[in-house]
Number of protein chains: 2
Amino acid sequence: MSNAEMQNADIPNAAPTIIDTGPAPIFAALGDRTRLSLLTKLGDGRPRSIADLSLDAEITRQAVTKHLQVLEQAGLVTSARVGRESQFTFRRESLDSLMDYLDRVSRQWDDALERLRAFVEK
Amino acid sequence: MSNAEMQNADIPNAAPTIIDTGPAPIFAALGDRTRLSLLTKLGDGRPRSIADLSLDAEITRQAVTKHLQVLEQAGLVTSARVGRESQFTFRRESLDSLMDYLDRVSRQWDDALERLRAFVEK
DNA sequence: CATATCGGCAACCTACTGGTTGCCGATTAA
DNA sequence: TTAATCGGCAACCAGTAGGTTGCCGATATG
């Protein structure tokens, strides 16, 4: 018998590990140092223009713009045009849903391990 | 006076928004549906071989291997060679550090908003 | 032993990402 | 009105990411 078959023994799997892959884009948006650092600058809650955010960014304004678009599409920031500038604001709620997700995942993992333990001790 | 200058008024900024950009690679590793779904399969806590994980994966075993390497490098899974197969296991602790990070960020945001509010009411 | 399975290695392809430069219309400041 | 600033649009480029195929050594199975 192979190792794999041995592991597929009759361990109960009540709640069958359904984790939504939906949040991938949000994780992807956070998976870039430049974007994380942009979020950092927005972390004080005040809206910032693109030019402002580009000031000490060592990359071009256009690059910053692209990153902001990614962040906005992922729902991590919002933008509003005010006069000739576009002001970006951090969306706090987006983090909440992300934390919910991680909570769900780790809770599910705990449950699975608990079931596994119960099975072994039976 | 420009909008930007107007916003840069004397709002206190005590803890100056230092968010580490270090976790970017972990977010990046999570920022892919295929990898999230691999993690899902590992979510029951049992080690799985590459072949096993490739079974209903609709992509090649080699592709799965690459994804697993990404996940391992990000610290989300560990691997151990057992006989002729490589067994991968979900690392639960990695989620904890990620949740810590998100907690820090959102707490920092709350603090900043609190400071802002106090300033306005003064 | 012969055969099948597991998985590492390498080459290759395509598409996307992060970044650049150049231009130009709109808004604001002098 | 003239000049400066803000930022959108487009083209372009190099590098990486996701995926494939082919091969081959190592380990199990019969």
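In what follows, every chain begins at residue 1, and chains take the letters A, B, ... in the order their sequences are listed.
- Residue A:T65 has its side chain nearest to D:dG8 when only D:dG8, D:dT20, C:dG7 are considered.
- Between the CD atom of B:Q69 and the P atom of D:dG18 there is a distance of 12 Å, given to the nearest Å.
- Nucleic acid contact for B:S86: sugar-phosphate only, since backbone atoms but no base atoms lie under 4.0 Å from a heavy atom of the residue.
- In terms of polar N and O atoms assigned as donor or acceptor, the side chain of B:Q62 never comes within less than 3.5 Å of the base of D:dG18 in a complementary pairing.
- Taking only side-chain nitrogens and oxygens, A:H67 comes nearer than 4.0 Å to OP1 or OP2 of C:dG19.
- The NZ-P distance, from A:K66 to D:dC13, rounds to 14 Å in whole Å.
- The phosphate of D:dT5 has neither OP1 nor OP2 within less than 4.0 Å of any side-chain N or O from A:S49.
- When atom types are taken as modelled, the side chain of B:R35 and the backbone of B:A29 share a donor-acceptor pair closer than 3.5 angstrom.
- Between A:R81 and D:dG8 there is a side-chain N or O to OP1 or OP2 distance below 4.0 Å.
- Residue A:R61 places no side-chain N or O under 4.0 Å from the OP1 or OP2 atom of C:dT20.
- The interatomic distance linking B:F88 (CZ) with C:dC6 (P) rounds to 14 Å, in whole Å.
- A:R35 has a side-chain polar atom (N or O) that falls below the 4.0 Å cut-off from OP1 or OP2 of C:dG18.
- In this structure, A:E85 places its CD atom 7 Å from P of D:dC6, rounding to the nearest Å.
- Looking at A:S49 and A:Q87, their side chains never bring a donor and an acceptor atom within 3.5 Å of each other.
- Distance, B:D32 CG to D:dG19 C1': 11 Å, rounded to whole Å.
- Among the nucleotides C:dG19, D:dT29, D:dG19, the one closest to the side chain of B:R84 is D:dT29.
- Between A:I59 atom CD1 and C:dT21 atom P the separation is 12 Å, expressed in whole Å.
- The distance between atom CD of B:Q87 and atom P of D:dA28, rounded to the nearest whole Å, is 11 Å.
- Shown here is A:E93, whose CD atom has more than 12 heavy atoms of other residues, nucleotides or ligands within 6.0 Å.
- A donor-acceptor contact shorter than 3.5 Å is absent between the side chain of A:R107 and the backbone of A:D110.
- Residue B:S79 has no polar side-chain atom (N or O) positioned under 4.0 Å from OP1 or OP2 of C:dG7.
- In this structure, CD of A:Q73 is placed 14 Å from P of C:dC16, rounded to the nearest angstrom.
- Exactly one of B:R48, B:E72, B:K41 qualifies for a side-chain contact (heavy atoms from CB on, under 4.5 Å) with B:F88. That residue is B:E72.
- When each of B:A51 and A:V70 is assigned the nucleotide of DNA chain C bearing its nearest heavy atom, the one mapping closer to the 5' terminus is B:A51.
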